[in-house]
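Notes for the one structure printed next.
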Amino acid sequence: MKQILFLVLISISITLSAQTGVIKGRVIDSKTLEPLPFANVFINNTTIGTTTDADGNFILKNINRPSVFDLIVSFVGYQSVKQKISLSEESLTLGEIELIASETKLSNVEVKEKRDVQWEKKLKKFKKIFLGEDKMSEQCAILNSWVLDFPEDEKKRRYLPALLFVSGHELKE
């Protein structure tokens, strides 16, 4: 009885594995014909996908067949390609898929430093209140002071919403 069950399970697994296929291809730049490593290749509306290797090659495995689906190829700085694929054979080689570089130019970004003197004064006051002014406090530092937001009204001294990381000696109870 166990042998018959084993044979049935083997035949089912062979039948199921026989109904899947493989898609192979290569992704290249349309102008330079250079391979595009780490491009995204996936079947639309599924979780089946991969990335290309250093030579632009990809292999998608275990795809149910026969089936018709959209293959999407994308890469940062390039226009995505959507290609209708019909998989009926065990293996399908697509050849080279050419991606066209996007001609989108980004505008210039200028970063300027603006020093907030008032905030720095409030931070100094906060450190004095929170850490103290002894030798132990000199060994402590607030590692993420940028998360502190000091209220305009001095009567509302609420510093608790900010999550602080303080380095220094371990606290003992």
Side-chain angles (χ1 to χ4, degrees), residues 20 22-64 67 69-83 85 94 96-173:
T20 62
V22 175
I23 296 177
K24 299 177 185 178
R26 185 167 187 242
V27 180
I28 60 172
D29 181 288
S30 64
K31 285 185 182 177
T32 65
L33 302 180
E34 292 289 321
L36 294 175
F38 311 111
N40 297 305
V41 182
F42 61 94
I43 297 174
N44 203 18
N45 299 322
T46 71
T47 58
I48 299 171
T50 189
T51 57
T52 58
D53 63 14
D55 296 322
N57 297 310
F58 69 90
I59 299 174
L60 287 172
K61 298 178 181 179
N62 298 325
I63 302 168
N64 291 334
S67 60
F69 51 85
D70 290 325
L71 183 75
I72 309 291
V73 181
S74 65
F75 191 74
V76 175
Y78 288 80
Q79 296 174 10
S80 296
V81 170
K82 183 177 181 180
Q83 191 173 358
I85 302 291
L94 297 176
E96 294 180 336
I97 299 173
E98 296 181 4
L99 294 185
I100 300 169
S102 295
E103 297 297 325
T104 305
K105 289 188 177 183
L106 300 177
S107 61
N108 292 339
V109 176
E110 189 175 329
V111 179
K112 292 183 179 181
E113 178 184 11
K114 182 181 176 189
R115 189 170 176 190
D116 189 351
V117 179
Q118 285 299 108
W119 183 87
E120 288 180 2
K121 284 181 182 178
K122 290 179 181 181
L123 176 63
K124 189 174 182 180
K125 187 176 181 180
F126 174 78
K127 285 181 179 179
K128 181 179 176 182
I129 294 168
F130 187 73
L131 299 176
E133 292 182 299
D134 59 1
K135 288 205 179 268
M136 293 292 280
S137 67
E138 292 173 6
Q139 297 176 2
C140 296
I142 300 173
L143 301 179
N144 61 339
S145 59
W146 65 88
V147 301
L148 288 171
D149 188 20
F150 301 107
E152 293 296 321
D153 186 2
E154 283 295 321
K155 293 178 184 177
K156 296 180 181 178
R157 289 193 178 171
R158 297 174 131 187
Y159 303 120
L160 294 178
L163 175 63
L164 298 175
F165 296 101
V166 180
S167 68
H169 292 281
E170 291 182 29
L171 296 175
K172 295 182 180 178
E173 293 184 291

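No experiment lies behind these values; they were computed from the predicted model shown. Heads up: numbering here begins at 1 and tracks the sequence.
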- Query: Does some side-chain heavy atom of Ile48 sit less than 4.5 Å from a side-chain heavy atom of Asn62?
  - Reply: no
- Item | Pro35 to Gly56 - nearest heavy-atom pair and separation | CB-N, 3.8 Å
- Would you say the side-chain atoms of Trp119 pair up with the backbone N or O of Trp146, donor to acceptor, closer than 3.5 Å? no
- Message: Using side chain to side chain contact (heavy atoms under 4.5 Å, CB included), reason through Val73 and Leu36 one step at a time and then give a plain yes or no.
- Response: CA-CA 11 Å; Val73 181; Leu36 294 175; over 6 Å; no
- Taken in chain and number order and not counting sequence neighbours, the residues that satisfy side chain to side chain donor-acceptor pair (under 3.5 Å) with Gln83 are none
- Item | Pairwise distance CG(Asp70) to CG(Asn45) - rounded to 0.5 angstrom | 8.0 Å
- Side-chain contact, heavy-atom cut-off 4.5 Å: Phe58 with Ile97? yes
- Query: Is there a side-chain contact between Ile63 and Thr20, using heavy atoms and a 4.5 Å cut-off?
  - Reply: no
- Message: side chain to side chain contact (heavy atoms under 4.5 Å, CB included), that's the test. Do Val22 and Ile59 meet it? Break it down for me.
- Response: CA-CA 7 Å; Val22 175; Ile59 299 174; 3.5 Å; yes
- Item | Sub-4.5 Å side-chain heavy-atom contact between Val41 and Ile23 | no
- Query: Do the side chains of Phe75 and Thr52 get nearer than 4.5 Å, heavy atoms only?
  - Reply: no
- Query: Any side-chain heavy atom of Ile142 sitting closer than 4.5 Å to one from Phe126?
  - Reply: yes
- Task: State which residues pass side chain to side chain donor-acceptor pair (under 3.5 Å) with Glu120; sequence neighbours excluded, sorted by chain then number.
- Result: Arg115
- Name all pairs fulfilling the salt bridge (Lys or Arg N to Asp or Glu O under 4.0 Å) condition that reach into residues 24-52, sequence neighbours left out, sorted by first residue then second. Arg26-Glu96
- Does some side-chain heavy atom of Leu94 sit less than 4.5 Å from a side-chain heavy atom of Ile85? yes
- Message: Ignoring hydrogens, what is the shortest heavy-atom contact between Leu33 and Glu98? Give both atom names and the distance.
- Response: CD2-OE2, 4.0 Å
- Here the gap from Lys125 atom NZ to Lys128 atom NZ, rounded to the nearest 0.5 Å, amounts to 8.5 Å
- Item | Any Val27 side-chain heavy atom under 4.5 Å of Tyr78 side chain | no
- Nearest heavy-atom contact between Ser137 and Leu131 is CB-O, 3.2 Å
- Rounded to the nearest 0.5 angstrom, the CD1-CG distance for Ile28 and Asp55 is 12.5 Å
- Search all heavy atoms of Ser80 against all heavy atoms of Ser74 and return the closest pair with its distance. OG-CB, 3.3 Å
